[in-house]
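A, B, ... follow the sequence lines: proteins, then strands. Residue 1 opens every chain.
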There are 2 protein chains.
Amino acid sequence: MLTIGQLAATAGVTVRTVRHYHHVSLLPEPERDASGYRRYSAQAAVDLIRIRTLADAGVPLARIDALLHAQPTEFAAAITDIDAELQRKIDQLTEHRRRITELESGERLVLPPEVVAILDRMRGLGVSERRVRLERDSWILMQALDPRVMPQRVRDKNAGFDDPETTRLYLACDQAVDWDPHDPRLDRLIDDLDAWEIEHERDSGRPGYLKLVVSRISEASPAWQRIVDALAHRALQRRTAGHGN
Amino acid sequence: MLTIGQLAATAGVTVRTVRHYHHVSLLPEPERDASGYRRYSAQAAVDLIRIRTLADAGVPLARIDALLHAQPTEFAAAITDIDAELQRKIDQLTEHRRRITELESGERLVLPPEVVAILDRMRGLGVSERRVRLERDSWILMQALDPRVMPQRVRDKNAGFDDPETTRLYLACDQAVDWDPHDPRLDRLIDDLDAWEIEHERDSGRPGYLKLVVSRISEASPAWQRIVDALAHRALQRRTAGHGN
DNA sequence: GGTTGACCCTGACGCTACGTCAGGGTTGGA
DNA sequence: TCCAACCCTGACGTAGCGTCAGGGTCAACC
């Protein structure tokens, strides 16, 4: 006959675990010896190890008792289930293994690959990391609030970077964020942006594309504020002139 | 800006999980809007997903915060650790998958293969299942109480079944359990056992081999009781006669 | 025959990572 | 205006044990 410690060692569990199984009636309480110690038969060792085998496989203790007393058919079916579940867990862990290797760059975990590609493309073009992050954040919000518009935005963005002039202006704007609002280079940039805006509006029929791109950052940058104001002024002039004709 | 529900959906967790992370200071509490609702930035989504990636990989929440603020070197080392741990878990689950397929026959889980082979050999020879189970239980107790003697016992057992006469007697004894103690076949069996005992004692120098094998079952079987008594009587006679010489 | 260390007992609280009420207020669309 | 679907805090519940606390027992050694 075995003491509780010997039984536990045989099954590779702690004494506490055996007592817990008694408590939840998963393993029957054995006879006690003269001093009140529990004394176990070899059958108890077999039972305990079968319980552990199922518990290790992820079966909740509450289900194990019924399972061990089930008919062979049900038992076999349950085993098949448990096996499938184990395989699913293995696949998940494998996937998690892959994901933690991508932890350094958080965005790969959050955004779809097409968008990550755009962000990488921006970095490749020399866009500042600050700007890339703002872009990233706007994609995340877009994804959370209205993911349906994302494919179109992806196409627009890529089209923009496919065009050298658009790319040049984008980079210039990115640089200009830190300029003094009276920097003489701004006049030239505003001219170019205005020209780009006119041409782009004609081509696509969708105005204000550039404004969308810059709006979020403009408030924090005096230089950008000047650009936005100037462009709005010119657009208004054009529209007034157009109506006047 | 995102509500808590939108944030949770983006990260694939429940609202309760996000609040829990606030509670344990894993994710900082964001600003509230006019009505007291939490409002999240896109950065919060990135942070939350990074937390989940680690949590999914089995890292305790208490470690995650430190990990995310660690130096790149420590971080990389930790990731390597976590990855190894994941692989270990995968291997374990694979092993558990194998083990649950052996659940039908509990003994394969409890006993080493050599012993299982002996039990299978007994079944193959036609030993009753009751006897096999008693044998199994005695092996389990042996394993729990003094595993060092097992290899020798394995050799002895197999040697016994390698010998046709020993095997024949073993099977006869197994059958005899249910016989009436006055069954005439018992006389013949006792003669054979006595002869075997004499021969075996001479060969091995270790007496009482058979008694060891049968002792546990004898009390419950009247026929066995008669066998044991008769053999003990004859052995005593021999020894007295021997001393008398 | 006393002591020591390794066991055994019961009872109860602690832990992780949330789930799940209860009992409220807010928002947005029909 | 109303309803469903959100949001809030606070608090208790869950699984599967771990870990004291405060005792008694056993086997071996001195």
Side-chain angles (χ1 to χ4, degrees), chain A residues 1-40 44 48-67 82 85 89 92 96 144-146, chain B residues 1-40 44 47-68 82 85 89 92 96 144-146:
Chain A
M1 302 301 268
L2 306 171
T3 67
I4 195 170
Q6 289 164 338
L7 175 74
T10 300
V13 301
T14 66
V15 168
R16 181 66 178 87
T17 299
V18 177
R19 288 206 265 253
H20 182 63
Y21 292 170
H22 289 323
H23 188 68
V24 298
S25 304
L26 188 50
L27 196 64
E29 280 275 3
E31 303 288 301
R32 305 295 181 110
D33 67 11
S35 59
Y37 288 13
R38 293 179 180 85
R39 289 292 171 170
Y40 296 91
L48 179 54
I49 288 185
R50 299 185 77 199
I51 290 169
R52 278 313 305 178
T53 304
L54 286 168
D56 286 338
V59 181
L61 297 191
R63 268 195 62 198
I64 291 181
D65 188 49
L67 229 166
I82 293 163
E85 182 65 18
K89 280 187 188 165
Q92 271 196 17
H96 292 148
L145 300 172
D146 189 6
Chain B
M1 304 301 271
L2 306 171
T3 67
I4 195 170
Q6 289 163 339
L7 175 74
T10 301
V13 301
T14 66
V15 168
R16 181 66 178 86
T17 299
V18 177
R19 288 206 266 251
H20 182 63
Y21 292 170
H22 290 322
H23 188 69
V24 298
S25 303
L26 188 51
L27 195 65
E29 282 273 3
E31 303 287 300
R32 306 295 182 109
D33 67 11
S35 58
Y37 289 14
R38 293 178 180 85
R39 289 293 172 168
Y40 296 89
D47 295 344
L48 179 54
I49 288 185
R50 299 185 77 198
I51 291 169
R52 278 313 305 178
T53 303
L54 286 167
D56 286 338
V59 181
L61 297 191
R63 268 194 64 198
I64 291 181
D65 188 48
L67 230 166
L68 288 177
I82 293 162
E85 182 65 18
K89 281 187 190 166
Q92 273 196 15
H96 292 149
L145 299 173
D146 189 6

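- Contact between the side-chain N/O atoms of A:S35 and the OP1/OP2 oxygens of D:dG24 is not found at any separation under 4.0 Å.
- For B:H22 and D:dC7, the NE2 to C1' distance is 13 Å, given to the nearest whole Å.
- A donor-acceptor pair shorter than 3.5 Å cannot be found between the side chains of B:R16 and B:Y21.
- Between the side chain of A:R16 and the base of D:dT19 there is at least one donor-acceptor pair of N/O atoms closer than 3.5 Å.
- Nearest heavy-atom pair, A:V15 versus A:G5, reported as atom, atom and distance to 0.1 Å: CG2-CA, 3.9 Å.
- One can place CG of A:D33 at 11 Å from C1' of D:dC26, the figure rounded to the nearest angstrom.
- One finds a side-chain N or O of B:R52 lying less than 4.0 angstrom from the OP1 or OP2 phosphate oxygen of C:dC18.
- Minimum interatomic distance between B:R52 and B:T17 (heavy atoms only, all atoms of both residues): NH1-CG2, 4.2 Å.
- The distance from the CZ atom of A:R19 to the CZ atom of A:R38 is 6.0 Å, given to the nearest 0.5 Å.
- Atom CD of A:E29 and atom NE2 of A:H23 lie 10.5 Å apart (nearest 0.5 Å).
- A close approach under 4.0 Å does occur between a side-chain nitrogen or oxygen of B:R38 and OP1 or OP2 of D:dT9.
- B:L145 has its side chain within reach of A:Q6: a pair of non-hydrogen atoms, C-beta onward, lies under 4.5 Å apart.
- When rounded to the nearest whole Å, the span between CZ of B:R39 and C1' of C:dT27 equals 10 Å.
- As rounded to whole Å, 11 Å separates atom P of D:dA11 from atom NE2 of B:H23.
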Set out, line by line, the N/O atom pairs under 3.5 Å between protein and nucleotides 1-6 of chain D.
none

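- Minimum interatomic distance between B:L27 and B:H22 (heavy atoms only, all atoms of both residues): O-ND1, 2.9 Å.
- Summarising the geometry, the separation between CD on B:E29 and P on D:dC8 is reported as 9 Å, rounded to the nearest angstrom.
- An angle of 0°, rounded to 10°, separates the two end axes of the helix from C:dG1-D:dC30 to C:dA30-D:dT1, each defined over five pairs.
- Note: B:T10 OG1 to B:I49 CD1 = 7.0 Å, rounded to the nearest 0.5 Å.
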Protein-nucleotides 20-23 of chain D N/O pairs closer than 3.5 Å?
none

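- Rounded to an integer number of Å, the gap from CD1 of B:I64 to P of C:dT16 is 13 Å.
- Residue B:Y21 places no side-chain N or O under 4.0 Å from the OP1 or OP2 atom of C:dA17.
- The distance from the CG atom of B:L26 to the NE2 atom of B:H20 is 8.5 Å, given to the nearest 0.5 Å.
- Atom-to-atom, CG of B:L48 to P of C:dC18 comes out at 11 Å; the value is rounded to the nearest Å.
- Between A:R32 and C:dT10 there is a side-chain polar atom (N or O) within less than 4.0 angstrom of OP1 or OP2.
- The NE2 atom of B:H96 sits 12.5 Å away from the NZ atom of B:K89 when rounded to the nearest 0.5 Å.
- At a threshold of 4.5 Å between non-hydrogen side-chain atoms, the residues B:L54 and B:L68 count as touching.
- Put simply, CD1 on B:I82 and CZ on B:R63 are 5.5 Å apart, with the number rounded to the nearest 0.5 Å.
- Rounded to whole Å, atom P of D:dG10 lies 12 Å from atom CZ of B:R19.
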